[in-house]
Amino acid sequence: MTNRLVGALAAFADLGEARTLRQVVEEHLGPRRREYDVPALTEAYREALNERLDPVGLSVDTDDGVYADGWVDAEITTELDDALYRVDLAVLAERHRHAPG
């Protein structure tokens, strides 16, 4: 079965003021964002979200599109918000902090 685009992430999930996952990451880091590898952190965040979403047949691509693998029984908005809530961005961020020096 092929994935079908169901819409943009920002249309389904509560991202606050952000419109993309990268903006979510940047807002989370705030003024300290230069201390982190933001592109790598954003990709790690997307991968962690997709791990949470895979069991319900959803995924988020690198352009922040939400895809469904065939018919999705779950409420898309609820599943996305749950995944965003459960993935610990602070823990991921520490793994992508630049080494001091």
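Position 1 is the first residue of the sequence, and the numbers go up from there.
The salt bridge (charged side-chain N to carboxylate O under 4.0 Å, His left out) analysis of residues 58-67, with sequence neighbours excluded, yields the pairs R46-D64.
The local environment of CZ in R19 is sparse, with at most 12 non-hydrogen atoms from other residues, nucleotides or ligands closer than 6.0 Å.
With rounding to the nearest 0.5 angstrom, the OG1 atom of T42 is 10.0 Å from the CD atom of Q23. Taking CG from L92 and NE2 from H28, the interatomic distance works out to 9.0 Å, rounded to the nearest 0.5 Å. Between the CD1 atom in I76 and the CG atom in L9 there is a gap of 11.5 Å [rounded to 0.5 Å]. Taking CG of D82 as the start and CD of E75 as the end, the distance is 12.5 Å to the nearest 0.5 Å.
Of all heavy-atom pairs spanning D81 and A13, the tightest one is OD1-CA, 3.3 Å. Looking at every heavy atom in both residues, L5 comes nearest to G65 through CD1-CA, 3.9 Å. The minimum heavy-atom distance between E27 and A18, with the atom names listed, is OE2-N, 3.5 Å.
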From CA spacing to verdict: side chain to side chain contact (heavy atoms under 4.5 Å, CB included), V66, L53
CA-CA 10 Å; V66 176; L53 294 169; over 6 Å; no

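Counting heavy atoms from C-beta outward, R97 and R32 have side chains that approach closer than 4.5 Å.
Tested against S59 for a side-chain contact (heavy atoms from CB on, under 4.5 Å), the candidates L49, D54, N50 yield a single pass: N50. Results of the side-chain contact (heavy atoms from CB on, under 4.5 Å) test with Y45 over D88, V60, L84 single out L84 as the only residue that passes. A side-chain hydrogen bond (donor to acceptor under 3.5 Å, both in side chains) with Y36 is found for exactly one of E26, H98, R95, E94, namely E94.
V6 is connected to L15 through a chain of hydrophobic side-chain contacts under 4.5 Å among Ile, Leu, Val, Met, Phe, Trp and Tyr, so both are in one cluster. Residue Y67 is not grouped with residue L80 when hydrophobic side chains (ILVMFWY) are merged at heavy-atom distances under 4.5 angstrom, including chains of intermediate members.
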